[in-house]
Amino acid sequence: MKIREPGRGWLLRLVIAFAFAQGAVSMARPAVSYRALALGADARAVGVIAGVYALLPLFAAVPLGRRTDNGRCAPLLPIGVALIATGCALSGRAGSLLEMAVWSGVMGLGHLSFVIGAQSLVARQSAPEDQDRNFGHFTIGASLGQLIGPIAAGQVVSEHADALARTSAAALFVSAVVAAFAVTSLWRIEHRTPTADRTRGGASSEVGRASGRVSVVGILRTRGVASGIFISLAVLSATDILTAYLPVVGEQRSIAPAVIGLLLSVRAAATVACRLVMTPMIRLMGRTVLMAVSCLGAGLLCVALALPVPAWGLGILLAALGFCLGVGQPLSMTTVVQAAPDGARSTALALRLTGNRLGQVAAPAAAGLLAGLAGTAAPFVMLGVLLLASAGVAIRPVRSAGRGTPPAPAEAPSPRTEPSAEPAAEPAAEPRGARPPT
């Protein structure tokens, strides 16, 4: 059918490019932590540097989303790659913690640009019934990068303190080269007549005009958008703090950098496995219950990471945690896209990324403060509390639907049920809100 080329051509190339870009970032983030430690940083300073990675993108997300709603998505991809490579390379040359923070912010801005363009492409070029699947496949690219990047960083970074500055810089230079390879998969990636736009029957010019009329507050007040943003924030904060703080845990527990890299990759591999079987899980449990259960499990596992378990125990916990964390990102993308007003879907995705970056600023800063006061186990307890709260947000539509069912079946779509819940809960007035049979 018409979906054949978009479903196999551009999406595969986008997944490959995302794997390279995310691989570079996932290799650079632990290397940044190790280089900061070599420059004299403590756990609190590592948290601040990890937070700066998200600070600059925090202010750029919505303008980039507005621009994408009114124009093309593809130009953001090579721009993002260039910024990632620049941030990685110059972080390797940095001689102070302030320079490390600045170039970490540039790296974060590049990652944001790439992700906004890529997510907007998936939303625009996917039919409504394919969005769960396509977003799941798209995030496999991120998981592949998260699988390979930490292993590569662990192999390059030396565990000897006297060589830490030199080898962490080498890892950052290598990550810059890896990022550059993402450009090789970005040819013919955007179609002028996207499948999703044909399905909705909307013209690009109408989309552009509509996006200008929908305020940020209006988007956030749309039922389901805020809850999708919060769940995404919680899940990404968990992934981010794990990446930044597991090296610190390894230093304190005498676990070699190569082993820490392997542990982070085990988590990423479990996330890939989760996303490969996500469609059957949605069919079995429904989107809302699946998100709630996965957040609940992830919260409990994060708390368990605070226990003084050996390296093999960390591997088991991280494998289970990676599987649970694999659900939140792709399903929150679908939730936000299908809940957002017409013509403002890229802006809604940008708001979701703004929430992510806000979490990446606040969570590492809070983690650094807690680590300084109560030790490196405290940030994992904080993550557990955040994920348990997101489980409560995710399950709320089920409780609301249970209370709203008795009046009349016809009222099922209209209570506070959020679009991230079940197929009938989508409040939008067009066919895109109808969920696939999954």
S.K.: Shortest non-hydrogen contact from Gly95 to Glu99?
M.R.: N-OE2, 3.5 Å
S.K.: Short question: side chain of Ser232, backbone of Ile229 - any donor-acceptor pair under 3.5 Å?
M.R.: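 Judged by distance alone, no pair lies under 3.5 Å.
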S.K.: Within this structure, what is the CG-CG distance for the pair Leu242 and Leu325, rounded to the nearest 0.5 Å?
M.R.: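 Answer for the CG-CG pair, Leu242 versus Leu325, is 7.0 Å.
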S.K.: Does the Thr139 side chain pair with the main chain of Ala142, one donor and one acceptor, at a distance under 3.5 Å?
M.R.: no
S.K.: Main chain of Met333, side chain of Gln119: is a donor-acceptor contact present, judged purely on distance under 3.5 Å?
M.R.: no
S.K.: Where is the tightest heavy-atom contact between Ala169 and Arg35, given as atom of each residue plus distance?
M.R.: CB-NH1, 3.6 Å
S.K.: I'd like to know if the side chain of Thr354 reaches the main chain of Ala350, judged simply by a donor and an acceptor atom lying under 3.5 Å from each other, with no hydrogens or angles considered.
M.R.: yes
S.K.: Would you say the side-chain atoms of Ser113 pair up with the backbone N or O of Ile79, donor to acceptor, closer than 3.5 Å?
M.R.: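 Checked: no pair found.
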S.K.: Any donor-acceptor pair under 3.5 Å linking the side chain of Arg13 with the backbone of Leu186?
M.R.: no
S.K.: For the residue pair Met27 and Ala171, what are the closest heavy atoms and their distance?
M.R.: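 Shortest heavy-atom contact: CE-O, 3.6 Å.
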S.K.: Find the distance between CZ (Phe380) and CG (Leu321) and round it off to the nearest 0.5 Å.
M.R.: 9.5 Å
S.K.: Mind listing the closest non-hydrogen atom pair of Leu14 and Phe138 along with its distance?
M.R.: CD2-CD1, 3.9 Å
S.K.: Using 0.5 Å steps for rounding, measure from the CG atom of Leu305 to the CG atom of Leu383.
M.R.: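 Reported value, rounded in 0.5 Å steps: 8.5 Å.
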S.K.: Working to the nearest 0.5 angstrom, can you tell me the gap between Leu37 CG and Ile49 CD1?
M.R.: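 Nearest 0.5 Å value for the CG-CD1 distance: 8.5 Å.
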S.K.: Atom CG of Leu317 and atom CG of Leu307: how far apart are they, to the nearest 0.5 Å?
M.R.: 8.0 Å
S.K.: So, does Ser185 use its side chain to make a donor-acceptor pair with the main chain of Ala182 at under 3.5 Å?
M.R.: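 Absent.
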S.K.: Report the distance from atom CG of Leu349 to atom CG of Leu121, rounding to the nearest 0.5 Å.
M.R.: 11.0 Å
S.K.: Quick one: does Ser390's side chain have a donor or acceptor within less than 3.5 Å of a partner on Leu387's backbone?
M.R.: yes
S.K.: What's the shortest heavy-atom distance between Leu301 and Cys324, and which atoms?
M.R.: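 Scanning both residues completely, I find the closest heavy atoms to be CD1-SG, 4.1 Å.
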S.K.: Within a reach of under 6.0 Å around CZ of Phe173, are more than 12 heavy atoms found that belong to other residues, nucleotides or ligands?
M.R.: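 Enclosed.
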S.K.: Please check this pair: side chain of Ser175 against backbone of Leu172, looking for a donor-acceptor N/O pair closer than 3.5 Å.
M.R.: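 Here the side-chain-to-backbone pair exists.
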S.K.: How about Met281 and Cys274: do any of their side-chain heavy atoms sit closer than 4.5 Å?
M.R.: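 Yes, at least one pair of side-chain atoms sits under 4.5 Å.
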S.K.: If you measure only the distance, is there a donor-acceptor pair under 3.5 Å linking the side chains of Ser332 and Arg352?
M.R.: yes
S.K.: Do Arg267 side-chain atoms and Leu262 backbone N/O form a donor-acceptor pair below 3.5 Å?
M.R.: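 Side chain of Arg267 to backbone of Leu262: no pair is present.
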S.K.: Taking atom types as modelled, is there a side-chain donor on Ser33 or Arg29 under 3.5 Å from an acceptor on the other?
M.R.: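 There is no such pair between these side chains.
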S.K.: Does any non-hydrogen side-chain atom of Leu90 lie less than 4.5 Å from one of Val106?
M.R.: no
S.K.: According to the interplanar angle, ranging from 0 to 90°, do the rings of Tyr53 and His111 count as parallel (below 30°), tilted (30 to 60°) or perpendicular (above 60°)?
M.R.: tilted
S.K.: Provide the closest heavy-atom pair for Val157 versus Ser168 in the form atom of the first, atom of the second, distance.
M.R.: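 What the structure gives for the nearest pair is CG2-CA, 4.0 Å.
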